[in-house]
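Below is one structure, written out as structure tokens; the observations come after it.
The analysis underlying the following values was restricted to heavy atoms, covering all of them including side chains, and did not include hydrogens, waters or symmetry mates. Counting begins at 1 with the first residue of the sequence.
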Amino acid sequence: MNRVRILSSIIAVLVSIFLTHGCSPASEKPRVVVMTDIGGDPDDTQSLVRFLLYGCDFEVEGLCTGFGHGHYKNTRPELIRKVVRAYGKALPNLRKQRPDYPSQEYLMSLIKDGHNGDPHRVGQGMDSEASDWIIHVVDRDDPRPVWFSIWGGPRELAQAIWKVQQTRSAEQLAAFKRKIRVHSIADQDQTAGWVKQHHPDVFWIFSRGLFRGIWQAGDQSLISPEWLERHVRTGHGPLGPEYPAKASGKAGVKEGDTPSFFYVLPNGLSDPEHPEWCNWGGRFRRSGRGSEYVPAEDWRGGRPDTLYTIHRWRRAYQNAFEARMDWCVKPYGQCNHDPVAVCNGDRTRRVLEVAADPGAIVKLSAAGSYDPDRHGCFYKWWVYTEAGTYPGEVPIQGADAVEATVAVPKNASGRAIHIILEVIDNGKPRLTASKRAILKISGKPVEVPPVAGSQEHYLRTPITKLSGPPSETGRWAFHRGINLNGPAVKIYGSQWDGDDAANFVCNDRPVNSPGVHLRPPTDEARAKMIHSFRWNRRASITLRAVPRGKYAVSAYVWEDNNPETFTILLEGRQVARDYYSGHKGEWRRLGPWMVTVSDGTIEITSSGGAANFSGVEVWRSVPGSGRR
């Protein structure tokens, strides 16, 4: 056999292995450096266990220690080593499922200790093993960006940038920064602000509050202590006992840092270079400051919800966790493995773009999708409205079939429609493969209503009028409006009371911030009402002498500086859970929330983060109107 035939045979074997085990060549895997404040909240250890189970999907290039909220004393690299040793014991069985899992020795070589000093400063004499390693990784002759999955503070990365700035030319510094991608969980030290101020061109996803979607809201049975004991901690090999049974404030699965590496997981759902598209790690939008991205919202139950951008995928990512824990102990034939989703013949995990015209019928096919374990598969096609730029309904025929057709609306010219294909096997647990197809519609964009468009479109489109409660709920008459911390004002024909009005009580702290640019823009009277507000972490607003009857209540909330997450209650009933206030200047009228008054009062309260309430708007049901 000549050399050509031998080489061809070797290539054929390698291709067979990749197809059978779902492996990807190293050159197609995301380069990832983990930066963890392990030793503080035990959820870092929880996330590390899951991260190592996905070690075959990443090109892991660093496991660096550092500091974060509530943990500013001593770095704990030995805790990483402990988990990696347990991983090493499970490795022989893991490689039966995927031969491209990295070795224990290799992962041990990547553990780099951070600076044990001031966690909030960079500068001369503050280099560390971790910061020097980061420079080494970014400098490698590899065109791919390096994703920094930051579970604590970014000090080691900030120090690396500082050192490069001091020792290289402006062009070399710019080239260094172009390879950096950051997904930061809560920016847990002050060097995050230093980077954003001095190096705003660094690609930076700031997961403020959104990361809580990994454990808050959604189906709690999938993250309960019972689920954890059954599917992770017991009977699943040496990694199971390393997973803490509880973390700070949460028994069972917490893993607040996991979204940072979920975000770059190459599972066909998205492209990490597009934070606005969403994947298991959440969805983000530009903040308006340099290259920073902040949480975006998806609509759930008729209201915007940042946490839903993560927990909407919970069934898929928890089933995958369960399956990979099985990989630690069971032979290949007794484990379930991810199916492969194919769309219009494309079996890669890249996002597929399809050109289409307004009014066209687009055919999409999942033919060729398969399950390596020969399980049967179910198909699901759906429109991810928030990720696209067309806000209306997009009909899909055959949404649960192999072949589907999409009717492109005639008014969708110049827009993008995101179609998600899910291929779900019937193994145990059921695993989901995803594929995203983006329909790029030709023509000039047609203007859409401000409240119907994407988040970014909403924020830049002036609000000129807000109507009362929906007509389908009956007939309503304006009852009362209160301008918190402001004078009486007339807003689109309705007279609002000022903060000194009778039968109104709010003792929260008064603030006025007229210089903040509002997003979305609005009329002068409404803007003045929004700019004057009262705030508190436990806000309380009470209207008294309210006649008996049915009312629709709305609250104006806004953000004057930094994002907050809080919960709003009306008469003790939760009406907005974990509301994310957004970036500086963003405002919304939340509601309307229906309430029947019999005791003469309407009370709005909040808990959690600091809530800025600017106005309360109340409409009364017209007697005899009822619900249509």
ring-ring contact (aromatic ring centres under 6.0 Å, His included) evaluation trace for Tyr379 with Trp381: CA-CA 7 Å; Tyr379 300 88; Trp381 303 85; 8.0 Å; no
Walk me through whether Val423 and Val340 qualify under side chain to side chain contact (heavy atoms under 4.5 Å, CB included). CA-CA 7 Å; Val423 179; Val340 175; over 6 Å; no
Is there a salt bridge (charged side-chain N to carboxylate O under 4.0 Å, His left out) between Glu61 and Arg140 once you walk through the steps? CA-CA 11 Å; Glu61 299 201 34; Arg140 282 181 180 156; 2.4 Å; yes
Could you walk me through whether Asp57 and Arg98 pass the salt bridge (charged side-chain N to carboxylate O under 4.0 Å, His left out) test, one step at a time? CA-CA 10 Å; Asp57 294 289; Arg98 288 275 299 268; 3.4 Å; yes
Residues Asp37, Arg76; criterion salt bridge (charged side-chain N to carboxylate O under 4.0 Å, His left out); working and verdict: CA-CA 8 Å; Asp37 60 332; Arg76 300 289 303 277; over 6 Å; no
Starting from the C-alpha separation in whole Å, work towards a yes-or-no answer on side chain to side chain contact (heavy atoms under 4.5 Å, CB included) for Val354 and Ile438. CA-CA 6 Å; Val354 179; Ile438 302 178; over 6 Å; no
Under the side chain to side chain contact (heavy atoms under 4.5 Å, CB included) rule, what do Val137 and Arg31 come out as? Steps first, then yes or no, please. CA-CA 9 Å; Val137 169; Arg31 302 175 67 194; 3.7 Å; yes
Test side chain to side chain contact (heavy atoms under 4.5 Å, CB included) on Val342 and Lys435; report intermediate values, then the result. CA-CA 7 Å; Val342 178; Lys435 181 77 174 178; over 6 Å; no
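Aromatic ring orientation, Trp277 versus His274: parallel (interplanar angle below 30°, classes split at 30° and 60°).
The existence of a salt bridge linking Arg283 and Asp298 is confirmed by a sub-4.0 Å separation between a basic side-chain nitrogen and an acidic carboxylate oxygen. Classification of Lys254 and Asp41 as a salt-bridged pair holds, one side-chain N sitting under 4.0 Å from a carboxylate O. In summary, Asp43 and Lys250 do not engage in a salt bridge, as defined by a charged side-chain N under 4.0 Å from a carboxylate O. Under a 4.0 Å N-O distance rule, the pair Glu297/Arg285 does not qualify as a salt bridge. At a threshold of 4.0 Å, the pair Asp142-Lys179 does not count as salt-bridged, since none of the basic side-chain nitrogens sits closer than that to a carboxylate oxygen. Electrostatic pairing of Glu322 and Arg324 does not count as a salt bridge here, judged by no charged N lying under 4.0 Å from a carboxylate O.
Screening Leu63, Thr45, Leu107 for a side-chain contact (heavy atoms from CB on, under 4.5 Å) involving Ile80 leaves a single residue, Leu63. The only option from Glu59, Glu28, Arg181 that meets the side-chain contact (heavy atoms from CB on, under 4.5 Å) definition with Arg144 turns out to be Glu59.
Inspection of the Asp425 and Asn336 side chains reveals an N or O donor paired with an N or O acceptor under 3.5 Å. Arg233 and Tyr243 are not linked by any side-chain donor-acceptor pair at a separation below 3.5 angstrom, with hydrogens and angles left out of the test. For the residue pair Ser365/Glu403, the side-chain donor-acceptor check at 3.5 Å is satisfied. Asp44 and Thr36 share a donor-acceptor pair across their side chains, judged by distance under 3.5 Å alone. Defined by atom type and a distance below 3.5 Å, a donor-acceptor pair is present between the side-chain atoms of Thr258 and Ser47. Counting only N and O atoms by type, the side chains of Asp373 and His337 include a donor and acceptor under 3.5 Å apart.
Taking CZ of Arg212 as the start and CD of Glu255 as the end, the distance is 16.0 Å to the nearest 0.5 Å. Between the OG1 atom in Thr234 and the CZ atom in Arg230 there is a gap of 10.0 Å [rounded to 0.5 Å]. Expressed to the nearest 0.5 Å, how far SG of Cys377 lies from CG of Asn426 amounts to 7.0 Å. Between Ile424 atom CD1 and Phe378 atom CZ the span is 8.0 Å, to the nearest 0.5 Å. Residue Asp187 holds its CG atom at 4.0 Å from CZ of Phe206, rounded to the nearest 0.5 Å. Here Ser291 contributes atom OG and Ile180 contributes atom CD1; the two are 11.5 Å apart, rounded to the nearest 0.5 Å.
Ser184 places a side-chain heavy atom less than 4.5 Å from the side chain of Trp204. By the 4.5 Å heavy-atom criterion applied to side chains, Val60 and Leu110 are counted as neighbours. Within the 4.5 Å cutoff, the side chain of Thr567 has heavy atoms near those of the Gln574 side chain. Looking at heavy atoms from C-beta onward, Arg95 lies in side-chain contact with Ser103 at the 4.5 angstrom threshold.
Between Pro295 and Leu210 the shortest heavy-atom distance is CB-CD1, 3.6 Å. Closest approach of Phe58 and Tyr54 over heavy atoms only: CD1-O, 3.4 Å. Nearest approach of Gly218 to His311, heavy atoms of both residues: CA-ND1, 3.6 Å. Of all non-hydrogen atoms in Asp326 and Cys335, the two that sit nearest each other are O-SG, 3.6 Å. Of all heavy-atom pairs spanning Cys56 and Asp100, the tightest one is O-OD2, 3.3 Å. Across all their heavy atoms, Thr565 and Gly209 have their closest contact at OG1-CA, 4.3 Å.
The side-chain tip of Arg50 points at the ring of Phe321 from less than 6.0 angstrom away and within 45° of straight on.
For Glu292 (side chain) and Ser287 (main-chain N/O), no donor-acceptor pair under 3.5 Å exists by modelled atom type. At least one donor-acceptor pair under 3.5 Å links the side chain of Glu386 to the backbone N or O of Trp299.
Counting non-hydrogen atoms of other residues, nucleotides and ligands closer than 6.0 Å to CD of Gln397 gives a total of 12 or fewer. Atom NZ of Lys196 sits in a crowded spot, with more than 12 heavy atoms from other residues, nucleotides or ligands closer than 6.0 Å.
Legend: residues meeting salt bridge (Lys or Arg N to Asp or Glu O under 4.0 Å) with Glu242, ordered by chain and number and at least two apart, are Lys82.
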Show me the donor-acceptor pairs, under 3.5 Å and distance only, between side chains in residues 260-272 and residues at least two apart or in other chains.
from   : atom 1 : to     : atom 2 : distance (Å)
Ser260 : OG     : Ser149 : OG     : 2.5
Ser260 : OG     : Trp151 : NE1    : 3.1
Ser260 : OG     : Asp257 : O      : 2.7
Tyr263 : OH     : Pro272 : O      : 2.6
Asn267 : OD1    : Leu269 : N      : 3.2
Ser270 : OG     : Cys278 : O      : 3.3
Asp271 : OD1    : Glu273 : N      : 2.9

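Aromatic ring centroids of Phe284 and His183 lie under 6.0 Å apart. For an aromatic pair to be called close, the ring centres must be under 6.0 Å apart, and Tyr293 with Phe203 satisfies this.
Residue pairs meeting the ring-ring contact (aromatic ring centres under 6.0 Å, His included) criterion with at least one member in residues 77-113: none, sequence neighbours excluded.
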